[in-house]
Amino acid sequence: MRVLLAILLASCATPTTMAPKGGPRGLRASEHLDVARGHDDAARDATRWPSAGSTASGEISFTPWFRSWDTTTEHERLAQVHRSKAAALQAVFAEECGPEASADIAVSPLQRYGTGGWNTSTGVIVYLSRAAGDPERLLAALKCHRAWMMLAPTDMDDCPLDLPGLQLDARGDGEGVTLSISVRDPALVPELQRRTAHDLEAAVRPHAHAAH
């Protein structure tokens, strides 16, 4: 009975290759493709039978095996779902960043241009230098960076732009740009504030070094 229970538990477990980490906004495009390939493998396995052979006594013996409960058709459907989601994320990136995305999209505009800010009840206010450009240009750069993060896993655990449900408003004048960032889920406000403080600290640090 214990052996049978172990086999059933193993067959119900999700393979680690089909359960990538993802991020606050869900799986990245590359992770969706990894999951799709895992379902492709499972669909092929579901069509195979265990190998059999003859023993010295002439009896038929079977190689120990276990299979998923999912059918081949279900795995094929799930693989297509994940490929479609990956394609959608790649399409958003192409739309937001254009055919020739700049190499600096890997660095958040908040880190590149941030000069200071403070917390609000719903999020943060961030000041950015005039180098950030006008509000329209800044928002375009923010959208591109946010879309880029969804292509593949990156070291962005401290990036405020990777949180879900953000609302951004930008206003500019001759002194620079004021950016308001809020988040719909009140439970994420402290995390938004923590991540923004991290980006602003990274933005101020090069200026401090330059001053010395």
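Just so you know, these numbers come straight off a predicted model, no measurement behind them. In this chain, numbering begins with 1 at the start of the sequence shown.
- Taking OG1 of Thr178 as the reference point, atom CZ of Arg171 lies at 8.5 Å (rounded to 0.5 Å).
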Going through the checks in order, is the side chain to side chain contact (heavy atoms under 4.5 Å, CB included) test met by Asp158 and Glu201?
CA-CA 11 Å; Asp158 293 316; Glu201 181 183 357; over 6 Å; no

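- Residues Arg195 and Ser108 have side chains not in contact (no heavy-atom distance under 4.5 Å, counting atoms from C-beta outward).
- Scanning both residues, Ala131 and Arg137, for their nearest heavy atoms gives O-NH2, 4.0 Å.
- For Arg130, the CZ atom is loosely surrounded, since the number of other residues' heavy atoms within 6.0 Å does not exceed 12.
- The cluster map of Ile, Leu, Val, Met, Phe, Trp and Tyr, joined by side-chain heavy atoms under 4.5 Å apart, puts Val124 and Leu200 in the same cluster.
- Interatomic distance, Lys143 NZ to Ile105 CD1, rounded to the nearest 0.5 Å: 16.0 Å.
- Contact annotation: the side chain of Gln111 approaches that of His198 to within less than 4.5 Å [non-hydrogen atoms, C-beta and beyond].
- Side chains of Pro164 and Leu188 form a contact here, defined as non-hydrogen atoms less than 4.5 Å apart.
- Contact between Val177 and Gly133 at its shortest, heavy atoms only, is CG2-O, 3.2 Å.
- The heavy-atom pair separating Ala152 from Ser30 by the smallest distance is CA-OG, 3.3 Å.
- With hydrophobic clusters built from ILVMFWY side chains whose heavy atoms lie under 4.5 angstrom apart, Tyr127 does not share a cluster with Tyr113.
- Linking ILVMFWY residues whenever their side-chain heavy atoms come closer than 4.5 Å, directly or via other members, leaves Leu27 and Leu89 in distinct clusters.
- For Val92, the side-chain contact (heavy atoms from CB on, under 4.5 Å) test picks out Glu96, Ala147, with sequence neighbours left out.
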Which is it for Arg83 and Leu33 under the side chain to side chain contact (heavy atoms under 4.5 Å, CB included) test, yes or no, and what are the steps along the way?
CA-CA 6 Å; Arg83 286 196 174 87; Leu33 293 177; 4.2 Å; yes

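- Using modelled atom types, one side-chain atom of Gln193 and one backbone atom of Gly123 make a donor-acceptor pair closer than 3.5 Å.
- Within the 4.5 Å cutoff, side-chain heavy atoms of Met156 are placed close to those of His145.
- Arg146 places a side-chain N or O within donor-acceptor distance of the main-chain N or O of Leu163, the cut-off being under 3.5 Å.
- Note: the hydrophobic cluster containing Val107 does not contain Leu161 (ILVMFWY, side chain heavy atoms under 4.5 Å, direct or indirect links).
- Taking 4.5 Å as the limit, some side-chain heavy atom of Arg25 sits within range of a side-chain heavy atom of Asp162.
- The hydrophobic clustering, which links ILVMFWY residues whose side-chain heavy atoms are closer than 4.5 Å, places Met150 and Leu166 apart.
- Distance check, rounded to the nearest 0.5 Å: CG of Leu192 to CG of Asp185 gives 11.0 Å.
- Heavy-atom minimum distance, Pro190 versus Ala187: CD-O, 3.6 Å.
- His82 and His39 have parallel rings, their planes meeting at less than 30° on a 0 to 90° scale where 60° marks the start of perpendicular.
- Closest non-hydrogen pair, Gly114 versus Ala203, comes out as O-CB, 3.4 Å.
- By the 4.0 Å N-to-carboxylate-O rule, Arg37 lies close enough to Asp34 to be salt-bridged with it.
- The CD1 atom of Ile125 sits 8.5 Å away from atom OG of Ser182, with the distance rounded to the nearest 0.5 Å.
- Going from atom OG1 of Thr196 over to atom CG of Leu179 covers 9.0 Å, rounded to the nearest 0.5 Å.
- Side-chain contact between Val81 and His32: absent, with no pair of heavy atoms (C-beta onward) separated by less than 4.5 Å.
- With contacts defined as side-chain heavy-atom distances shorter than 4.5 Å, the pair Leu128/Leu110 qualifies.
- The local environment of CG in Asp173 is crowded, with over 12 non-hydrogen atoms from other residues, nucleotides or ligands closer than 6.0 Å.
- Side-chain contact between Glu74 and Leu78 is present, with heavy atoms from C-beta onward closer than 4.5 Å.
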